[in-house]
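Written below as structure tokens is the structure these notes are about.
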Amino acid sequence: MRPLTDRRTGERGAASLGPRSGCPVRAENSGRRLVAEAAGGHCFAAGLGVGGLLQALLVLAQAEALAAALCLAPVERLAMGALFAPLAVLAGAVAARAAVTWAMARLAARAAARAKATLRTALLEHSQRLGPAWLGQERRGELTTLLGRGLDALDGYVSGYLPQAAVTACVPLAVLARLCLLDGESALIVALTLPLIPVFGILVGLSTKDATERQWALLRRLGGHFLDVVQGMPTLRAFGRARAQAETVRGIADAHRDATMRTLRIAFLSALVLELVASLSVALVAVPVGLRLLDGGMTLREALLLLLLAPDAYFPFRVLGSQFHASAEGLAAAQQVSDFLARPIPTPPPRRVLPARTVPLLRPGSSGGIEFDAVEVRYPGSEDTVLRDVSFRVRAGERVALVGPSGGGKSTVLALLLGFLRPDQGRILVDGRDLAELDLAVWRRNLTWVPQRPHLFATSVADNIRLGLPGATPEQVRRAAATAGAEEFIDALPHGFDTVLGERGHGVSAGQRQRIALARACLRSSPVLLLDEPTAGLDHLSEAAFLSATGQLMADRTVIVVAHRPALLDGVDRVLRVAHRQVTETTLRASDGLSGVAPSTGPPDGSGVGHAPDRPPGLAAQDRTRQVCRATSSNRGAAELADPAPEVTA
């Protein structure tokens, strides 16, 4: 697959596929233009155009040969050699039409595969450029549906509709031109009735477009909701909500089925209308031809040629109508892709990027540190402020815990350090250098991040651990697992470190997943460690084993840990409270618990809205259920239960 190149910037990738600003093409046509460009652009169009012209010439040759053969066949005592020439031409024309049809289908199939691969790559690249903050606010099930079922529906448009459109653009014009030379009367009838088919097709197509867009919107909603339900099924079953969600999914599925049936009814009605118009139009040509043939005003060969060519003038439009309905879902998906690629990527103001060698290491004992200087943050697409005028400093080698109510902005602080978000105002300084001026890739090599829900891939345990240091030897992997307290249970797996896990770590418990993620972190010798509530969802025994291993990992590093449980406060030097969009220092110890952290029962403005501004309300109930489960399992979560706001996960 050859990546497309943006003519404006020379860059390759998704940027070249997005709609151009100021482009005169109407918004509803941007999806068609996007698919055509991804399918091969001018080369693909030229190939289809040549195929359409060949089809037109072969239709004329086939009709001429068949008319000649039919005129000669009734003649008595005619030598068989006289029929050989028209029959040979007829056979050659039929074979050539089959070959051209096969070549066009082959070209279109390759173009469809290229278009799907290119658009999938563009979607994934653009979603990465939008960043984890954007992905955390979207229903990923809808994006998954678009990447899978949506783009697969492009087959009907690229490999069906576009080749037939090329044939329809050439064959009727060629037939009409031949009819003009043959019989002006019949050519006039065809010229007057031929536009009726596309006119009726457009009228029905408008209804088809609206019905298909409704069908596709319901399919995206069904896919997104179903993925959310499947991911949260253990929590739903624990609280007896699985049956209610099953009813919700059934209701969406029924609505999608009804929309699909309405679309099919319109498609069948369209086929009936086009067939009726084409049949009546052919009859208007055939009846006068028959009468003139009886009166002797036309030869048999001319009459046969007229009757053979007239249906070929209408037939491509009828096939194009059926292909349009088959491709309508793909066009709706293409428009969604176009809208997605048109979403602006947040770009910081141009700044000088310091060379890689100037990136600070924040080793313990150095005089540097991490400093937030009047930082203000808003999430993409939201006007609500997540952090406002936040200023604090973490010295090199210091261990700092961030506590506070869910949704206060603790994970947002980590997202800023990871480069997932950029401050709207203020600066983040690392050893006195602005983080925005550092090479982000090099800076991230100095970070080790253990998220709240680490992702394990469908590969071996060793390969999942080796993600922390690609190229690590088996001895290094085993040593990291031993440091994380994971070696014992990994050896007990059916194939030890070579055991292949399911997607998202299926096959091991939540605590074991966390320790595998910790082993991954142990492979990295980076000076900064970021822990985002790593014990969420673990029982007491798993939490104790994890914290024992974490103590070794924290040694000689600058550590920032997001804590909801008191046990995570052991060994930290300072505790910062993040609440009401502010960061303040507090004096908490592990023995105090987290009762000193006042829960947030609503936003500071007193509106009483229980969801955080940095999380979409649609996911609040799901995150709230997870919080209740954590609080119930730990029996220490009074502060969590008091706050209904979900926490942001970068």
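We count residues from 1, following the sequence as given. The figures that follow rest on heavy atoms only: side chains count, while hydrogens, waters and symmetry mates do not. Not measured: the values here are computed from a predicted model.
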Using the side chain to side chain contact (heavy atoms under 4.5 Å, CB included) rule, pick out the option among L54, L308, V167, D312 that qualifies with V59.
->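 It is D312, the one option of L54, L308, V167, D312 that forms the side chain to side chain contact (heavy atoms under 4.5 Å, CB included) with V59.
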Indicate the atoms forming the closest heavy-atom contact of [X] with [Y], along with that distance.
| X | Y | answer |
| --- | --- | --- |
| V158 | P163 | O-CD, 3.2 Å |
| A56 | A174 | CB-CB, 3.7 Å |
| Q164 | P316 | NE2-O, 3.2 Å |
| V282 | P311 | CG2-CA, 4.0 Å |
| L309 | V175 | O-CG1, 3.3 Å |
| S159 | A108 | CA-CB, 3.5 Å |

Go through the structure and list residues passing ring pair (Phe, Tyr, Trp, His ring centres under 6.0 Å) with Y314, not counting sequence neighbours.
->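 Per chain and number, Y314 pairs via ring pair (Phe, Tyr, Trp, His ring centres under 6.0 Å) with no residue.
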Just verifying a value: how many Å separate [X] [atom1] and [Y] [atom2], rounded to the nearest 0.5 Å?
| X | Y | atom1 | atom2 | answer |
| --- | --- | --- | --- | --- |
| R444 | L440 | CZ | CG | 4.0 Å |
| R466 | S460 | CZ | OG | 6.5 Å |
| L119 | L154 | CG | CG | 6.5 Å |
| L501 | I516 | CG | CD1 | 5.5 Å |
| D183 | L188 | CG | CG | 10.0 Å |
| L48 | L53 | CG | CG | 11.0 Å |

Within a strict 4.5 Å, meaning less than it, do heavy atoms of the [X] and [Y] side chains meet?
| X | Y | result |
| --- | --- | --- |
| F317 | V277 | no |
| V337 | H126 | no |
| T193 | V285 | no |
| R513 | H455 | no |
| V171 | F315 | no |
| V289 | M298 | yes |
| L70 | L300 | no |

Do any N or O atoms from the side chain of S338 and from the backbone of A334 form a donor-acceptor pair under 3.5 angstrom?
->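 A pair under 3.5 Å: no.
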Would you find a donor on one side and an acceptor on the other, under 3.5 Å apart, between the side chain of S279 and the backbone of L276?
->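 Side chain of S279 to backbone of L276: no pair is present.
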Could you list the residues that satisfy side chain to side chain donor-acceptor pair (under 3.5 Å) with R106, not counting sequence neighbours?
->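 Result, side chain to side chain donor-acceptor pair (under 3.5 Å) vs R106: none returned.
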R110: partners by side chain to side chain donor-acceptor pair (under 3.5 Å), with sequence neighbours left out =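 Expected list: none.
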Check the pair R520, L456 against side-chain contact (heavy atoms from CB on, under 4.5 Å), reporting the backbone distance first and the verdict last.
-> CA-CA 10 Å; R520 181 189 295 171; L456 300 185; 3.2 Å; yes
Working for salt bridge (Lys or Arg N to Asp or Glu O under 4.0 Å), residues R292 and D295 = CA-CA 5 Å; R292 291 164 62 190; D295 292 339; over 6 Å; no
L320 and I197: side-chain contact (heavy atoms from CB on, under 4.5 Å), yes or no, with the steps?
-> CA-CA 10 Å; L320 185 66; I197 296 184; over 6 Å; no
